[in-house]
Engineer: 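Dropping a structure here in structure tokens format, bear with me for questions.
Computed from a predicted structure; not experimentally measured. Just so it is clear: chains get the letters A, B, ... in the order the sequence lines come, proteins before strands, and each one is counted from 1.
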Amino acid sequence: MSVNPVLEAAGSAPQVLPARRPFRFREWLEREGVFSWLMLTPPLLFLLLFLGYPFCYGVYLSFVRRPVAQPATFVGLNNFVQLYNDPIFWQAVWNTFRFTAAATILKLGGGLAMALVMHQNFRLKGATRAVLLLPFIVPTVLSTVAWQWILDPGMGLFNRGLMYFGLMQQGPSWLGNPTLAMVSVILVNTWRGLPFFGITILAGLQTIPGELMESATIDGAGTWGRFRHVTLPLLTPVIFIVTVFSIIFTFFDFQLVYVLTGGGPANATHLMATYAYVISVTTGQLGLGSAAALAMVPVLGVVLMLMSSYVRRD
Amino acid sequence: MARNDRADGSASRRDFLKLGAVGAVGASVGAGWRPRRAEAKPEKITFIRESSYVKEFDEHFKNVLIPRYKQETGINLVYEIVAAGGSAVPRNISIVESKAPVDAGWLQQEWLFREGLLDVSDIAEEVGKQQGGWYPEIKALSMWEGKWKSVPFGNIGQCMVYRKDWFDQVGATTFPDTWEEFYEVGVKLKKAGHPYGMSMGHGYADNNSWLLPLLWGFGAQVVAKDGKTITLDSNETAKAVDYVRKLYKDACLDDCVGWLDPHNNKAFLTSQISATNNAMSIMISAKRDLPEMGKVTDHALNPKGPKGRFHSLVAVTHGIFAHTPDPAATKHFLKWLMDPKQVAAWYRSAQMYHAPFLHAYDKDEEWNKEPRFKPYLKVLETGKLVSWPAPADRKAGEVVNKWVVIDMFAKACTGASTKQVIADAVTGLKQIYG
Amino acid sequence: MVGQLTWARRLLGLWLPLAALFVFALFPFAWMAATSLKANAELYDPKSNPLWIQHPSLVHYIGLIRESNFLVWIGNTMLVALVATLISLLFGVMLAYPLARMRFPASGLLALSVGVAYLVPQTLLFVPMADLINRMRLGDSLSAVMLTYPTLLVPFSAWLLIGYFKTVPKELEEAALIDGASRWRAMTRVILPLCTPGFLSAGIFAFTLSQNEFLYALLFLNTSSIRTVPVGVTGELIRGDAFYWGQLMAAAFLGSLPVVLIYSFFVKYYVAGLTAGSVKG
């Protein structure tokens with residue numbers, strides 16, 4: 001966009017404007033509301049088409065009985081009632097909460113620690129950053145398949161290690177024992193997601209201006225004091241966003257559990273996402289499956305309310 | 001690389017302006033609304049299948065059948081392969097729902113979308129007549145309301161795979177004939193450090209293939225023949241559950257309660273287990289990669305219970321999607337495929353991994369090449385669909401896919417009481433059958 | 001004595017934690033690398049050491065490259081990830097900038113809607129999405145995934161960028177406007193460059209997610225030559241109940257290499273952008 005020299009020379013005197021069309025247009029563009037909406041329109045249109053339409057269709061599906069290849073019949077809230085009475089559904093809900101809470105806490109703590117460690121200066125910092133991201137980079141399907149073998153009771157790395165160091169005669173059954181299966185799933189999710197937390201928080205750390213840290217030191221703050229009063233408050237927005245999105249992402253996690261355990265043993269690791277998928281895809285009840293998937297949303301709506309209060313707070 | 005050149009061309013330009021983005025979307029949408037012309041003869045027919053364990057089977061189709069069909073009819077066959085272990089079903093559902101341009105394929109779980117399949121009675125009847133007749137049990141799957149909705153192909157047989165050397169060591173020179181004997185030998189083997197590995201997790205085949213025959217062998221059934229009455233809650237079921245619990249505790253590897261289909265292969269090939277229930281894949285892998293182990297691996301039929309010996313069928317059938325643009329051409333393809341000139345060689349390319357449902361192949365030479373595969377042929381005699389004795393409808397499919405019966409056994413093994421697990425299973429069944 | 005203190009500090013504060021991080025993040029890769037270099041006989045041998053190779057062999061790598069379309073899949077994956085990332089970043093900025101820095105009617109409501117967009121699970125969308133894609137005749141083409149992946153990425157990119165945009169003080173923008181710059185110029189010349197770390201973070205996330213995605217790729221990429229790595233590898237290296245473990249691990253390894261290289265390249269710019277940012281800030 002070229003800059004009008006007259007306008008430039010006029011400086012900040014917007015009231016002195018000749019009534020010529022190009023001027024008015026540009027001025028109109030500069031209005032906060034207009035500029036904002038022009039910027040917003042293309043992405044919004046895209047999302048409306050590719051996300052909005054399927055979403056509305058999905059919502060519609062959750063209120064009908066719709067077996068594959070058969071027409072739909074309206075059933076109101078019947079699908080949700082059916083889920084309410086389904087013990088496996090409630091097990092999946094409980095599993096999802098446990099899984100998400102545990103994994104998120106571990107990833108946040110680990111990621112924060114990782115960011116703080118990486119924030120220091122050392123050689124090969126760049127290469128280290130890239131390499132530590134590997135768990136996050138490798139396609140989930142492939143790394144999860146590898147973990148199947150790592151958790152193998154006889155041949156797997158874990159149990160071989162335990163037996164080698166004499167800690168156990170025979171390693172535990174990581175994917176057979178219901179409790180350990182949940183532990184395994186949490187572990188693999190943490191392993192995969194921790195680097196992302198680390199790198200994002202690190203980015204936040206590195207946007208903190210050096211002067212602030214210096215002035216805090218001059219004011220007598222020690223390492224912990226600096227962390228609490230300078231670093232943490234400035235990091236909070238980034239941590240908040242990353243955590244919220246990780247919660248959402250983990251809550252909806254499907255691929256990892258599906259490949260590692262299929263939701264077993266005996267539904268011990270079934271998540272809402274895997275159960276909704278199993279309903280749609282293996283029973284062909286698209287209505288019920290959509291209802292199960294939709295049921296995840298209100299829970300996260302609470303999280304969303306937190307998010308929006310943060311945005312409006314500004 | 002991409003099919004749709006127009007959209008791809010505009011999308012790969014790095015210089016991404018706002019207008020470019022909108023334009024790309026607009027172009028795609030615009031391209032989409034062009035109506036598809038009805039062709040006199042299709043250029044191609046797309047055939048979808050799950051990737052075969054025996055690679056040569058897929059290769060045979062690609063290298064022999066595709067060129068032959070092109071030569072005979074001028075039509076290109078497109079062979080789409082989907083990953084094994086659950087990818088085919090969402091793909092098939094999506095194909096039926098969105099009327100995607102796929103014409104025919106291996107219908108896994110056809111009970112889910114029979115309404116979306118073409119009537120292929122003429123093909124199936126003729127193929128049956130021509131090649132010795134069909135094994136009766138498969139008709140319960142392929143036929144619906146008097147019409148054939150799919151053409152059966154073969155059974156991926158599941159029976160006992162075991163280490164003959166270890167069984168000999170504990171004195172079991174022939175494979176145990178009854179479930180009780182199976183238990184006793186298992187106890188000895190576990191003590192010797194070679195437990196059984198019987199899958200009980202959320203897989204598709206290796207769990208059903210022994211748990212259902214066991215249930216049936218004890219005289220229990222899930223749902224009655226009428227397809228409505230739930231008959232699971234019975235003394236026979238309780239006996240079966242108690243048996244599995246003691247088998248697990250005293251004869252099996254702890255891990256197997258969570259095993260999906262590939263786990264038992266892995267465990268067997270890494271010498272962790274002495275027996276499991278599986279298709280031919282373990283022996284084929286062993287013969288190829290671990291010849292020493294291959295020599296001491298053998299197959300046997302499922303043990304029998306008080307009420308008989310049963311096996312569970314993993315049926316492979318082919319069908320045509322109703323939305324295929326040229327039904328006549330696609331039917332011609334399927335008929336051609338099942339003609340002895342094509343299908344016999346195709347069966348053999350997989351070493352009869354898919355035991356043919358046609359009696360004409362019972363005496364086929366291929367069965368003699370590896371005598372240890374013969375049990376898979378015998379499986380056809382006592383093989384039942386997973387829904388047996390109820391009809392193979394959506395509800396029966398749901399029971400299998402939600403692992404209602406499998407979980408009943410698995411939970412018993414991890415500590416729940418027999419009464420509780422049966423009650424939970426019945427609750428699950430009531431949800432499905434109403 | 002001061003020197004001793006800092007050495008111990010560095011050991012505890014840097015080297016030990018770093019080593020722990022390395023082990024935690026990378027031990028599965030050590031295993032994957034070792035496995036991919038073992039021929040099947042050694043792979044299945046219960047007595048073999050999981051992390052050590054007795055008879056290294058490239059048989060799986062050769063098999064992978066020769067007998068499957070692996071290299072094509074990598075090319076497709078990179079292309080799709082790149083395009084989807086660019087679209088997401090672009091749309092992300094276009095959404096985030098007004099929402100973060102401007103006040104205008106309905107901005108709150110819009111921010112909410114964008115958030116809602118993220119709360120939609122794939123398992124809810126995949127059937128209608130397949131229908132939409134087939135209606136647009138985009139089935140079995142890379143365009144299908146290039147257009148559907150941003151639906152998973154744009155909301156997050158937008159929210160992440162909002163966070164970063166907010167950290168830049170309003171005074172900078174106002175100063176630019178007073179100096180006579182247009183909003184566009186203020187945005188592109190002043191504010192956006194300061195948020196480069198944010199772009200890189202959002203970009204890393206978007207790129208990773210794109211090359212990782214499985215469900216839409218499974219539904220929309222059907223021919224072998226069109227597929228991305230996750231679908232191609234699982235489709236052709238997992239046959240029946242047999243996993244071709246050696247080749248799978250080789251694929252996992254080779255599949256991550258180009259991405260690691262790209263990331264290490266960007267990390268250089270990451271650092272440069274950061275130091276520039278902190279000097280200005």
Engineer: What residue in S280(A), A181(A), P265(A), P43(A) has the most heavy-atom pairs under 4.5 Å with chain B?
Structural biologist: P265(A)

Engineer: Counting heavy-atom pairs under 4.5 Å with chain A, which one of E398(B), R394(B), K411(B), K402(B) comes out on top?
Structural biologist: R394(B)

Engineer: With respect to chain B, which residue among P87(A), G176(A), P172(A) yields the maximal number of heavy-atom pairs within a distance under 4.5 Å?
Structural biologist: G176(A)

Engineer: Go through the steps for L294(A) and V297(A) under the test side chain to side chain contact (heavy atoms under 4.5 Å, CB included), then give the verdict.
Structural biologist: CA-CA 5 Å; L294(A) 196 61; V297(A) 179; 4.3 Å; yes

Engineer: Tell me, side chain or backbone of L286(A) under 4.5 Å from chain B's heavy atoms, or both, or neither?
Structural biologist: side chain

Engineer: Fit a plane to each ring of Y60(A) and Y57(A), take the angle between them on a 0 to 90° scale, and name the class: parallel (under 30°), tilted (30 to 60°) or perpendicular (over 60°).
Structural biologist: tilted

Engineer: What part of P67(A) gets closer than 4.5 Å to chain B, counting heavy atoms only: side chain, backbone, both or neither?
Structural biologist: both

Engineer: Go through the atoms of V278(A) and report whether side chain, backbone, both or neither lie under 4.5 Å from a heavy atom of chain B.
Structural biologist: side chain

Engineer: Looking only at heavy atoms and a cut-off of under 4.5 Å, which of L260(B), V257(B), N92(B), V89(B) has the most pairs with chain A?
Structural biologist: L260(B)

Engineer: Where does W174(A) contact chain B at under 4.5 Å (heavy atoms): side chain, backbone, both or neither?
Structural biologist: backbone

Engineer: side-chain hydrogen bond (donor to acceptor under 3.5 Å, both in side chains) with T261(A): which of T144(A), N267(A), T269(A)?
Structural biologist: T269(A)

Engineer: Quick check, are the ring centers of Y84(A) and F89(A) under 6.0 angstrom apart?
Structural biologist: no

Engineer: Answer with side chain, backbone, both or neither: which region of L260(A) has an atom nearer than 4.5 Å to a non-hydrogen atom of chain B?
Structural biologist: backbone

Engineer: Give a yes or no on whether a salt bridge exists between R192(A) and D253(A), defined as a side-chain N under 4.0 angstrom from a carboxylate O.
Structural biologist: yes

Engineer: Mind checking whether Q431(B) and V404(B) have side chains closer than 4.5 Å, heavy atoms only?
Structural biologist: no

Engineer: Quick test of your reading of the model: are E97(B) and R66(A) salt-bridged, counting only N-O distances below 4.0 Å?
Structural biologist: yes

Engineer: Go through the steps to decide whether Y248(B) and Y196(B) satisfy the test ring pair (Phe, Tyr, Trp, His ring centres under 6.0 Å), and finish with yes or no.
Structural biologist: CA-CA 8 Å; Y248(B) 175 70; Y196(B) 290 158; over 10 Å; no

Engineer: Counting only heavy atoms closer than 4.5 Å, note whether L253(B) contacts chain A via side chain, backbone, both or neither.
Structural biologist: side chain

Engineer: Relative to chain A, which of K395(B), H263(B), M200(B) shows the most heavy atom pairs under 4.5 Å?
Structural biologist: H263(B)

